[in-house]
Each structure stands twice: as C-alpha cells, then as structure tokens.
Colleague: 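Quick one: the structure is below, questions incoming.
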Amino acid sequence: MPELPEVETVCRGLASKLEGRGLATVVQRRADLRFPLPPDFAARLTGRRVARIGRRGKYILVHLDDQMVWLVHLGMSGRIILGPPEATPPGPHDHVVVLTDDGTELRYTDARRFGMMDLVPAAGLADCRALAGMGPEPLEADFSPAYLSRVLAGRQMPVKAALLDQKIVAGIGNIYACESLFRARLSPLRRAHTLTGARARRLVAAVKAVLAEAIAAGGSSLRDYVQASGELGYFQHQWAVYDREGEACPGCTCDRARTGGIGRLVQSGRSTFYCPVRQR
DNA sequence: CTACCATCCTGGTTGC
DNA sequence: TGCAACCAGGATGGTA
C-alpha cells in the first residue's frame, strides 16, 4: 500500500483518534519483522501517552510523552487499522495490537513482514538510523527545481531511479514516480543530470501536484486498505499510466493501434509505466 | 558512481 | 479444477 500519500492518509487518521490517548495495553504477537522489534518493545510502549503523530517520508512518527518516538514503516503490505476491540479475531499477520484508554484498538498487520518498527529518542530523531540522510519532503519548499538540478548534477542514473531514491527526495515509490513523470512529460529513461531549467521545474511541480491530489483522494488502494478507519483510498481510479499497459494514453490523441498505447518497461527490477509518445 | 540482481515474505492473479 | 509461475506499494547489500 504505502507511499507518501498512503502514509500521510494513515497519519491523519491516527492523529484524529490517537493524539492525547494513553496506550493501556500493548500486545506483541510476532517480533520478527524486517528488523526485529526492539527489546522490551511492548513494555516500553505500555502506559505511554501519544503526544503527536508526524510523518517523515514513508515513516509514521508517533511522538510519546516520554520523549521517545515510535517509528513505523509499513513496507509493502503493512496496514494500521483502528476499530473496536476484537471486532475480528486476530489473524496470523496481526503482529502488534494496542488498546487505548478510550477503548480503541490499533492493529498493525503486515503479511509480508517487510515493515519495521523502532523506538528512538525524540532528541536525535533526524539522525536516527532510519531517517539519517533522507532527502527533503517533496511537498515542502526545499524540494525545489534548484535543489533537484543541484542534487542530480552529474548523475547518470535514469530519472525514474532518482525519484525512487529516498536520499534524493523522500516518500516517492513506484506508483507516484510513474505518475509524476507522466505529468511532467519526461521519459523515465532520461538521464538524471539533464533535469535542469524548465524540465526540473516541470518535474518538481508534477511531483507536488500528483502527491497532493493523491492525498486528497485518500491514497491508492491495491489489495490492502489504506486509511486507519479501514476505508479504501480512491486515487487508483485516477492513475494515468500506472498498471495501464496497452491502454490509451490519457494525454495523447495519437493512434493507440500504432503506438501500442501505454508502455511498460523494467527498471532496476520494477515495472515502469509510461507513454513513449508523450514522455521524452 | 552505476546498473543489475537477489533477498527478505506472503498472497493474489494468470496461464497452462 | 489444480497447480506452478509470476507479480506486487520497499529497502538493502552484494557484484561487476
């Protein structure tokens, strides 16, 4: 599920229900996520109060009242769902179950266990292992055309790979990299160092617009629910190119029978969807 | 620095 | 219908 818009959507759901609440009971049902849960994880969380929910890239930041931050990454298949306790029996992939002091149940579910959780001191948050070196937030002002041109100067990598690199810009994954490049009319194969001037401006504007629209739609749902409430996001209905191989390009009037419509190629082992006519 | 690959897991879909 | 191959929103570490 989770790229920046999905994580942001989850965070908003968590903030409205969790801020100010105490964590009365914490049950750890399985500890071997991508990185094992820290020692005494459940005990260190129990009795704490949630001060504030934040986000950095694809990480959820749960600020606690003891100056620690509960860090959550959803990996590929992670979900956090809030609801009434025991609404459904715990499944084999419900790894952490938290009961708050107002009787809300938080369930962390992750079939593939690519997700991660950690507890880190708030004081050194930006320097912790997970967040150190992460690039700017794409919706903030410091993700600018000038920044993008500077950080990509001399880089031979394809621009698609650059967008996926969390050290260059935070929070973008495969779907939104494809959608942003389509919006900017830039080929995913273009060398990163050619992103200067108008092209850099187009890409930065496209990234910001696509992410903002996706957040407004509650993110994209594939096989998993997105929102903390369990509701589906609906941005998947607004995808221009992602998972639309062979369909007509929504931006072109060119003949699909001749061009083959939206194309798919594989870059660093991952599918890229794009319009070979419109994106150069 | 770069591209490419395998790896960590499970589950859903596709194709024979 | 059954079964195997393939694919998936991420990130890392190794290789050449």
Side-chain angles (χ1 to χ4, degrees), chain A residues 1-11 29-37 55-60 71-81 91-95 108-118 128-135 138 151-181 188-194 207 210-211 214-215 217-227 232-239 241-246 264-273:
Chain A
M1 141 187 38
E3 300 181 36
L4 187 151
E6 291 75 36
V7 177
E8 177 64 23
T9 300
V10 170
C11 284
R29 305 183 68 249
R30 184 154 187 174
D32 51 339
L33 306 181
R34 172 155 58 108
F35 301 108
L37 294 180
R55 179 189 59 73
R56 179 76 175 97
K58 299 172 191 170
Y59 286 86
I60 299 166
L71 218 60
V72 182
H73 193 296
L74 298 172
M76 293 272 260
S77 55
R79 288 142 57 173
I80 290 181
I81 303 289
H93 306 305
D94 294 335
H95 306 313
Y108 176 79
T109 306
D110 183 8
R112 294 174 73 179
R113 284 186 282 129
F114 287 0
M116 76 88 84
M117 285 193 187
D118 203 357
C128 76
R129 191 186 158 86
L131 303 185
M134 190 175 284
V151 77
L152 297 183
R155 307 289 295 262
Q156 296 300 312
M157 62 183 359
V159 60
K160 166 85 182 313
L163 286 179
L164 292 177
D165 185 343
Q166 305 296 298
K167 295 187 285 301
I168 291 172
V169 57
I172 299 176
N174 205 34
I175 293 173
Y176 298 106
C178 292
E179 293 296 315
S180 297
L181 288 167
L189 296 165
R190 173 178 281 282
R191 304 285 110 179
H193 67 83
T194 66
V207 164
V210 166
L211 294 179
I215 290 169
S220 303
S221 293
L222 275 78
R223 297 155 194 82
D224 301 292
Y225 291 125
V226 167
Q227 309 196 24
L232 290 168
Y234 52 89
F235 194 72
Q236 65 276 13
H237 304 301
Q238 297 175 47
W239 291 343
V241 287
Y242 187 81
D243 204 22
R244 305 188 77 116
E245 184 181 11
R264 184 177 86 97
L265 53 87
V266 176
Q267 293 177 287
S268 42
R270 318 197 56 193
S271 290
T272 299
F273 299 90

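Labels below follow one simple rule: chain letters A, B, ... track the order of the sequence lines, proteins then strands, and each chain is numbered from 1.
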Colleague: For A/F273 and C/dG9, give me the distance from atom CZ to atom P, rounded to whole Å.
Modeller: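 Nearest whole value for this atom pair: 8 Å.
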Colleague: Among A/V169, A/L4, A/L181, A/L163, which residue satisfies the side chain to side chain contact (heavy atoms under 4.5 Å, CB included) criterion with A/V207?
Modeller: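 Only match with A/V207 under side chain to side chain contact (heavy atoms under 4.5 Å, CB included): A/L163.
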Colleague: For A/F35 and C/dG13, give me the distance from atom CZ to atom P, rounded to whole Å.
Modeller: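 Rounded to the whole Å, the gap is 7 Å.
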Colleague: In terms of side-chain heavy atoms, does A/T9 have a donor or acceptor partner in A/Q227 at a distance below 3.5 Å?
Modeller: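 Per modelled atom types, A/T9 and A/Q227 side chains form no pair under 3.5 Å.
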Colleague: Between C/dA11 atom C1' and A/K167 atom NZ, what is the distance in whole Å?
Modeller: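 Rounded to the whole Å, the gap is 9 Å.
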Colleague: On the side chain of A/R113, is there an atom forming a donor-acceptor pair with the base of B/dC9 - under 3.5 Å, no angle test?
Modeller: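 Flag unset: no donor-acceptor pair detected.
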Colleague: Just wondering, do A/M116 and A/L74 contact through their side chains at under 4.5 Å, heavy atoms?
Modeller: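 No, their side chains stay 4.5 Å or more apart.
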Colleague: Establish, with yes or no, whether the OP1 or OP2 oxygen of C/dG9 is under 4.0 angstrom from a side-chain nitrogen or oxygen of A/R112.
Modeller: no
Colleague: Which part of the nucleic acid, if any, lies within reach of A/Y242 when heavy atoms closer than 4.0 Å are counted: base, sugar-phosphate only, or nothing?
Modeller: sugar-phosphate
Colleague: In whole angstrom, give me the gap between the C1' atoms of C/dC6 and B/dA6.
Modeller: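 Here C/dC6 and B/dA6 have their C1' atoms 16 Å from each other.
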Colleague: Say you pick atom P in B/dC1 and the same atom in C/dG10; how far apart are they, in whole Å?
Modeller: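 One P to the other, the span is 24 Å.
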Colleague: Between C/dA11 and A/Q166, is there an OP1 or OP2 to side-chain N/O distance shorter than 4.0 Å?
Modeller: yes
Colleague: Report yes or no: is the ring centroid of A/F114 under 5.5 Å from the six-membered base ring centroid of B/dC9, with the two planes under 30 degrees?
Modeller: no
Colleague: With a 4.0 Å cutoff (strictly under), does any side-chain N or O of A/K58 reach OP1 or OP2 of C/dA11?
Modeller: yes
Colleague: B/dA3 phosphate, OP1 or OP2: any side-chain N/O from A/R191 under 4.0 angstrom?
Modeller: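 For B/dA3, OP1 or OP2 has a side-chain N or O of A/R191 closer than 4.0 Å.
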Colleague: Tell me, do A/S220 and A/E6 make a side-chain contact under 4.5 Å, heavy atoms counted?
Modeller: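 The answer is yes, as the side chains (C-beta and beyond) meet within the 4.5 Å cut-off.
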Colleague: With rounding to the closest Å, how many angstrom separate the P atoms on C/dG9 and B/dT14?
Modeller: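 Pairwise P distance, C/dG9 against B/dT14, rounds to 15 Å.
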Colleague: Measure from the side-chain heavy atoms of A/N174 and tell me the nearest of B/dA3, C/dG13, C/dG10.
Modeller: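 My answer, after comparing the listed nucleotides, is C/dG10.
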Colleague: Side-chain N or O of A/R155 versus OP1/OP2 of B/dT2: is the shortest distance under 4.0 Å?
Modeller: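 Checking A/R155 against B/dT2: at least one side-chain N or O falls below 4.0 Å of OP1 or OP2.
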Colleague: Consider the side chain of A/A111, meaning its heavy atoms from C-beta on, and name the nucleotide among C/dG9, B/dT10, B/dT2 that approaches it most closely.
Modeller: B/dT10
Colleague: Using the P atom in both, what is the distance from C/dA5 to B/dT7, to the nearest Å?
Modeller: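 Nearest-Å result for C/dA5 against B/dT7 at atom P: 16 Å.
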Colleague: Would you say A/S271 reaches C/dA8's phosphate, i.e. side-chain N/O to OP1/OP2 under 4.0 Å?
Modeller: yes
Colleague: B/dC9, OP1 or OP2 - any side-chain N/O from A/H93 closer than 4.0 Å?
Modeller: no
Colleague: Which nucleotide, in any strand shown, forms a Watson-Crick or G-U wobble pair with B/dC16, with both distances under 3.5 Å?
Modeller: C/dG2
Colleague: Both distances below 3.5 Å, Watson-Crick or wobble geometry, any strand: find the nucleotide opposite C/dG14.
Modeller: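 The answer is B/dC4, by the H-bond criterion.
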Colleague: Hey, which of these two, A/G269 or A/G154, hits DNA chain B nearer its 5' end, going by closest nucleotide?
Modeller: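 Mapping each residue to its closest nucleotide by heavy atoms, the 5'-most match is A/G154.
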Colleague: Are any of A/R34's side-chain N or O atoms less than 4.0 Å away from OP1 or OP2 of B/dC9?
Modeller: no
Colleague: With rounding to the closest Å, how many angstrom separate the P atoms on B/dG12 and C/dA11?
Modeller: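 It comes out at 23 Å once rounded to the nearest Å.
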